[in-house]
Amino acid sequence: RDHRRRRGLPYPPGPFCWPVIGNLLDVPKLSPWVAYADMSKKHGDIMYFRVFGQVIVVLCSLTAIKELLEKRGDLYADRPRVPIFEIMEMDWTLPLLRKGEYWRKNRLILDRALRPGAVASYRSMIEEKTRLFLGQLLTTPKDFRAHIDFLQGKIIMSLTYGYELEENDDILVPTRKTGEIMSQLAVPGAALVNHLPILRYTPSWVPLFKYEPMASICRELGKRMINEPIDYVKNAMREGTAVASLASEQLEEVEKLSGPERQRAEKAIKQTLGSLFQGARCTVSSMSSLFIALALYPEVQKRAQAELDSILSRDRLPTFEDKPRLPYIEAMCKELARWQMVTPMGVPHASTHDDVYRGFFIPKGSIHYLLFVKAVLHNPDLYPDPETFKPERFLNEDGTFRDDPTIALAFGVGKRICPGRHLVEATLFVFISSVLSVFHVTKAKDEYGNEIPVKINTLVEGQITLQPTKFECSITVRDKMAEDLIKANIWT
Ligand code: HEM
């Protein structure tokens with residue numbers, strides 16, 4: 001039957017498939033992108049795997065990714081069914097939503113809210129929160145990772161709910177906990193029920209496949225994660241204290257509806273906006289990687305600071321408006337996205353129909369991984385010396401900024417491309433230029449005065465999105481002038 005469906009066409013090449021388990025043992029849980037990149041040297045840029053009944057197609061070249069996921073975008077805009085998330089009742093989050101009317105409508109809300117024009121109106125808020133971050137860095141530089149986390153939380157909560165996040169705020173506890181559990185379970189092979197959905201019906205006395213206790217915790221957290229911030233906005237609207245936000249804007253529209261239509265619309269808003277925080281966590285990863293780059297590449301830091309000083313004359317902090325005159329900083333933003341990818345395998349897409357590509361049969365429902373980091377953004381033909389952080393790649397000979405559309409792949413591709421990418425562009429530009437205009441970053445030293453090495457690629461393993469693991473660096477204010485500038489600019 002399978003042969004008839006394929007009309008005799010072969011599947012893409014891949015390693016030998018064992019009966020029943022297929023390639024279960026070929027797909028490692030840890031750093032799967034490294035293993036896939038190795039295998040692609042033998043099998044080519046489009047590879048086929050089968051784990052139990054599930055087909056996985058791994059795309060390793062820019063051409064294959066563009067031709068399938070972009071040119072035939074509609075066919076590949078679905079997400080794979082992930083039974084563990086259905087059990088946890090977390091399959092409503094936007095990045096996981098299956099293609100369909102519900103996803104389309106919710107996606108439209110975000111595309112409008114995060115389009116370049118709308119992001120322009122958030123710039124002063126981003127600058128304000130970033131200046132607060134500079135103040136925190138001045139007081140407790142060793143806690144820079146916690147400060148980054150707080151900064152990102154403040155930006156997203158302000159933009160989404162008009163909520164002023166405080167340090168150690170409980171409102172984000174459910175979101176953070178569900179995020180941690182979900183990212184660990186999303187990787188191929190992490191939860192067997194994802195490959196054998198029948199296991200979800202395993203009786204509770206079978207210890208190995210007991211998913212229910214964890215699922216019930218997640219169900220509870222998931223409800224709190226979407227309800228608590230919206231309840232805050234509704235209360236503030238009732239009391240007339242609401243600050244304009246995506247939530248208040250959307251809720252005002254909902255108030256014009258009634259009955260089940262109103263309930264449906266409100267649920268969609270809660271779920272769509274509730275999805276934003278976890279998506280936005282990727283920015284934390286890029287911000288943290290900046291400090292690795294600065295500690296490892298002092299010459300980059302020097303050149304960036306010279307550019308900033310020549311424009312700002314050291315008597316003010318940068319704003320987004322300075323971007324056209326800071327090409328090296330803009331190039332650093334691009335290089336950061338390329339050098340330390342946040343999602344080395346992209347976020348998996350799924351196909352809604354059978355397809356044929358280069359004479360290979362790709363069955364409906366197959367899952368598609370996009371191997372960016374090793375295959376495209378670290379391809380030495382495209383980016384010579386790819387492991388080195390070199391912003392100059394994105395400069396023309398005359399020092400002007402040279403855009404490279406390929407870098408947009410760091411945000412995915414086709415219909416599911418990251419809706420937050422314009423916000424990231426604004427946030428990272430303000431972040432990098434602000435940090436460098438007043439701070440100096442070097443390797444940390446141990447008690448004997450020896451430099452502590454900073455290792456790159458030491459990323460938390462086994463997750464779809466990566467965060468750099470714990471690392472130390474020394475962050476010092478450049479001089480008294482910089483210190484005064486920070487203190488004078490903390491908006492309270
Ligand atoms: C450095 C920062 C970020 C990176 C690298 C990143 C990367 C990505 C990638 C690779 C995808 C999957 C695209 C695909 O399926 O082809 C994605 C989806 C998504 N991102 Fe981001 N992202 C970042 C920041 C953000 C921010 C700031 C937000 C929200 C404010 C956000 C919200 C989302 C959402 C909601 C989706 C799901 C879209 C859908 O499935 O239709 N992301 N992101």
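We count ligands from 1, going down the list as the structure has it; atoms in each ligand are counted the same way.
The V413 neighbourhood of ligand 1 comprises atoms 16 (O), with distances under 4.0 Å to a heavy atom of that residue. Ligand 1 places these atoms under 4.0 Å from at least one heavy atom of T283: 1 (C), 2 (C), 24 (C), 27 (C). Listed by number with element, the atoms of ligand 1 under 4.0 Å from a non-hydrogen atom of R107 are 38 (C), 39 (C), 41 (O). Each of the atoms 5 (C), 7 (C), 10 (C) of ligand 1 lies under 4.0 Å from some heavy atom of A410. Counting the atoms of ligand 1 from 1 in the order shown, those under 4.0 Å from a heavy atom of L94 are 35 (C), 38 (C), 39 (C), 40 (O), 41 (O). Residue-ligand proximity, W103 to ligand 1, at heavy-atom distances under 4.0 Å covers atoms 39 (C), 41 (O). The atoms of ligand 1 that sit less than 4.0 Å from any heavy atom of T343 are 10 (C). Near L110, the atoms of ligand 1 lying under 4.0 angstrom from a non-hydrogen atom of the residue are 35 (C).
A donor atom on one side chain and an acceptor atom on the other are not found under 3.5 Å apart for Y48 and N23.
Nearest to atom 22 (N) of ligand 1 by heavy atom, out of C418, G420, G412, is C418. Closest to atom 16 (O) of ligand 1 by heavy atom, among Q152, R416, M287, H349, is H349.
With respect to the salt-bridge test (charged N to carboxylate O, under 4.0 angstrom), the residues K99 and D74 qualify. One finds a salt bridge joining D403 and K334 here, because a Lys/Arg side-chain nitrogen approaches an Asp/Glu carboxylate oxygen to under 4.0 Å.
In this structure, F277 falls outside the shell of residues with a heavy atom less than 4.0 angstrom from ligand 1. Ligand 1 lies less than 4.0 angstrom from a heavy atom belonging to P419. Taking 4.0 Å as the cut-off, R79 counts as a neighbour of ligand 1 on heavy-atom distance.
Checking C282 against atom 21 (Fe) of ligand 1, every N/O/S atom stays at or beyond the 2.8 Å cut-off.
A tilted orientation is assigned to the rings of Y383 and F394, their planes being inclined by 30° to 60°.
At least one donor-acceptor pair under 3.5 Å links the side chain of T352 to the backbone N or O of L75. Side-chain N or O atoms of E335 include one that pairs as donor or acceptor with a backbone N or O of K390 at under 3.5 Å.
For E252, there are no salt bridge (Lys or Arg N to Asp or Glu O under 4.0 Å) partners two or more places apart in sequence or in a different chain.
Under 4.0 angstrom from ligand 1, the non-hydrogen atoms of S286 all belong to its side chain. With a heavy-atom cut-off of 4.0 Å, V347 touches ligand 1 through backbone and side chain alike.
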**OP:** For F144 and F291, run ring-ring contact (aromatic ring centres under 6.0 Å, His included): C-alpha distance rounded to whole Å, both residues' side-chain angles, the deciding distance at 0.1 Å, then the answer.
**Re:** CA-CA 9 Å; F144 70 102; F291 288 88; 5.0 Å; yes
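With rounding to the nearest 0.5 Å, the separation of CZ in R393 from CZ in R402 is 10.0 Å.
Sequence neighbours left out, the pairs with a member in residues 107-120 that pass side-chain hydrogen bond (donor to acceptor under 3.5 Å, both in side chains) are R107-D111.
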